[in-house]
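Comments concern the structure below.
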Amino acid sequence: MLALLGPIAAIFEPFWLYVLVQILVFALLTLSLDFVFGYAGLLSFGHAAMFGTGGYAAALLITEVTPNALVVLPAAMLTGIVVAAVIGWFSVRAKGIYFAMLTLAFAQMFYVVAFADLPAAVAGVGSVTGGDNGIHGIQLYELFWIDLSARINYYFLTLAIVAASLAILIRVANSPFGRVLQGIRENEERIEFIGYDVQRYKIIGFAISGGFAGLAGGLHVPFQSVANPQLLHWTVSGELIVMLLLGGMGTLWGPMLGAAAVIVLEELLAGVATWEVILGAIFVVVVIFAPRGLAGVIVTTAKNPETRCRTRSER
């Protein structure tokens, strides 16, 4: 369906092609958060740190080294992995809200580093992150003979990467490693008692999640042609939590639907002065009446006809 929507949007309303790319990027970002929160029970308020650093890594490589997607995107992903591993190493010893606050604190530290352009001050150069202005004029990727300056081609590149990421995370979530993460979420003490190194599993899970968040940043920045400190701000992490809960935590595909719903609603309500109030009201209604999110509503609706048919046949 998404493969068809892209060309249709490009022909009839190019603005919606831009929206579709944004949906895919934030779907990947929310997917990365759901992997660590929905499966390992690690509520991260600092996922903007991996998203932003991955975006800045992509911006710096494109402007200073090469715009080759085969070089920049893996580097953005690796940046997210390293940043998440460092944050995780310091944070996984804490639990619950304390872990969430530690990740938030680290994300804000990265925000201040980018906003004040501390790397430039340390290295003694004119500019690295561009300070509060950020890095502008970032070109789109180059990939073999494909013209990624055509937005429809960039859309299909993003779609392919998001689809592959979803397939990989589904596989990891259902692997023995993923089962251990789910066990940690359900009963950390029992998993530790039977011999697993809980902290190591948490750090690895958080690093995997951070890698895909960095990849999302690497896809986001060239399309927007700018990398600024706002990518690292706590409001990005807060919006991810809304997308996650709206879509349905612990399903992987549900939070991706939540990301799409939030972005589309923001675009449709942007002309309304009180659009944030309306969006907040919708979120409250969904949380109260559909606590398992959009994914729970879809699964329940899909199961009900089967249940009715089975009941009739039994009678």
Side-chain angles (χ1 to χ4, degrees), residues 18 21-22 24-30 32-33 44-65 67 72-73 75-88 90-91 100-141 158 206-207 209-244 259 262-263 266 270 276:
Y18 165 83
V21 174
Q22 286 295 95
L24 288 173
V25 168
F26 278 89
L28 176 57
L29 183 56
T30 314
S32 71
L33 177 60
S44 170
F45 279 155
H47 247 55
M50 286 73 81
F51 179 62
T53 53
Y56 268 104
L60 291 170
L61 283 172
I62 290 172
T63 55
E64 302 295 337
V65 182
V72 179
L73 287 175
M77 190 172 189
L78 180 61
T79 302
I81 291 172
V82 172
V83 170
V86 172
I87 294 175
F90 285 102
S91 303
M101 290 299 100
L102 279 174
T103 58
L104 175 61
F106 274 107
Q108 287 303 101
M109 287 168 59
F110 279 101
Y111 170 78
V112 172
V113 167
F115 187 86
D117 202 356
L118 291 181
V122 172
V125 297
S127 176
V128 175
T129 66
D132 58 339
N133 292 321
I135 303 172
H136 293 267
I138 304 164
Q139 71 176 83
L140 291 169
Y141 290 118
T158 307
F206 197 67
S209 173
F212 286 99
L215 180 60
L219 289 169
H220 177 76
V221 163
F223 192 75
Q224 297 293 330
S225 190
V226 61
N228 55 44
Q230 190 61 33
L231 297 173
L232 296 151
H233 200 257
W234 68 268
T235 53
V236 174
S237 300
E239 191 170 26
L240 287 182
I241 301 297
V242 173
M243 294 174 178
L244 182 68
V262 170
I263 291 174
E266 286 180 351
E276 291 175 323

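Residues: numbered from 1 along the sequence shown.
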What pair of heavy atoms forms the shortest contact from [X] to [Y], and how long is it?
{"X": "Ser237", "Y": "Ala48", "answer": "OG-N, 3.1 Å"}
{"X": "Ala227", "Y": "Ala59", "answer": "CB-CB, 3.8 Å"}
{"X": "Gly210", "Y": "Ala84", "answer": "CA-CB, 3.7 Å"}
{"X": "Pro67", "Y": "Leu140", "answer": "CB-O, 4.1 Å"}
{"X": "Gly218", "Y": "Ala58", "answer": "CA-CB, 3.9 Å"}

Within-4.5 Å side-chain heavy-atom neighbours: [X] and [Y]:
{"X": "His220", "Y": "Leu231", "answer": "yes"}
{"X": "Thr235", "Y": "Gln230", "answer": "yes"}
{"X": "Thr129", "Y": "Leu118", "answer": "no"}
{"X": "Val25", "Y": "Phe223", "answer": "no"}
{"X": "Phe110", "Y": "Val83", "answer": "yes"}
{"X": "Glu266", "Y": "Gln22", "answer": "no"}

Distance-only, no hydrogens or angles: does the [X] side chain make a donor-acceptor pair with backbone N or O of [Y] under 3.5 Å?
{"X": "Thr103", "Y": "Ser44", "value": "no"}
{"X": "Thr63", "Y": "Leu60", "value": "yes"}
{"X": "Thr30", "Y": "Leu244", "value": "no"}
{"X": "Gln108", "Y": "Trp234", "value": "yes"}

- Please test Ser127 against Asp117 for side chain to side chain contact (heavy atoms under 4.5 Å, CB included), starting from the C-alpha separation and ending with a verdict. CA-CA 7 Å; Ser127 176; Asp117 202 356; 3.3 Å; yes
- Message: Let's go through Leu102 and Phe90 carefully: what are the C-alpha distance in whole Å and the side-chain angles of both, what is the deciding distance for side chain to side chain contact (heavy atoms under 4.5 Å, CB included) to 0.1 Å, and is it a yes or a no?
- Response: CA-CA 8 Å; Leu102 279 174; Phe90 285 102; over 6 Å; no
- Message: Nearest 0.5 Å, please: how far is CG in Leu29 from CG in Leu219?
- Response: 11.0 Å
- Query: So how far is it from Phe212 CZ to Ile81 CD1, rounded to the nearest 0.5 Å?
  - Reply: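 These two atoms lie 8.0 Å from each other.
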Side-chain polar contacts of residues 49-57 - donor-acceptor pairs under 3.5 angstrom, sequence neighbours left out - could you list them?
from	atom 1	to	atom 2	distance (Å)
Thr53	OG1	Ala49	O	2.7
Thr53	OG1	Met50	O	3.3

- Query: So Val221 and Ile62, side chain to side chain contact (heavy atoms under 4.5 Å, CB included) or not? Walk me through it.
  - Reply: CA-CA 10 Å; Val221 163; Ile62 290 172; 6.0 Å; no
- Qualifying residues under ring-ring contact (aromatic ring centres under 6.0 Å, His included), relative to Tyr111, sequence neighbours excluded: Phe115, His233
- Candidate pair Leu73 and Leu215, rule side chain to side chain contact (heavy atoms under 4.5 Å, CB included), full reasoning: CA-CA 6 Å; Leu73 287 175; Leu215 180 60; 4.0 Å; yes
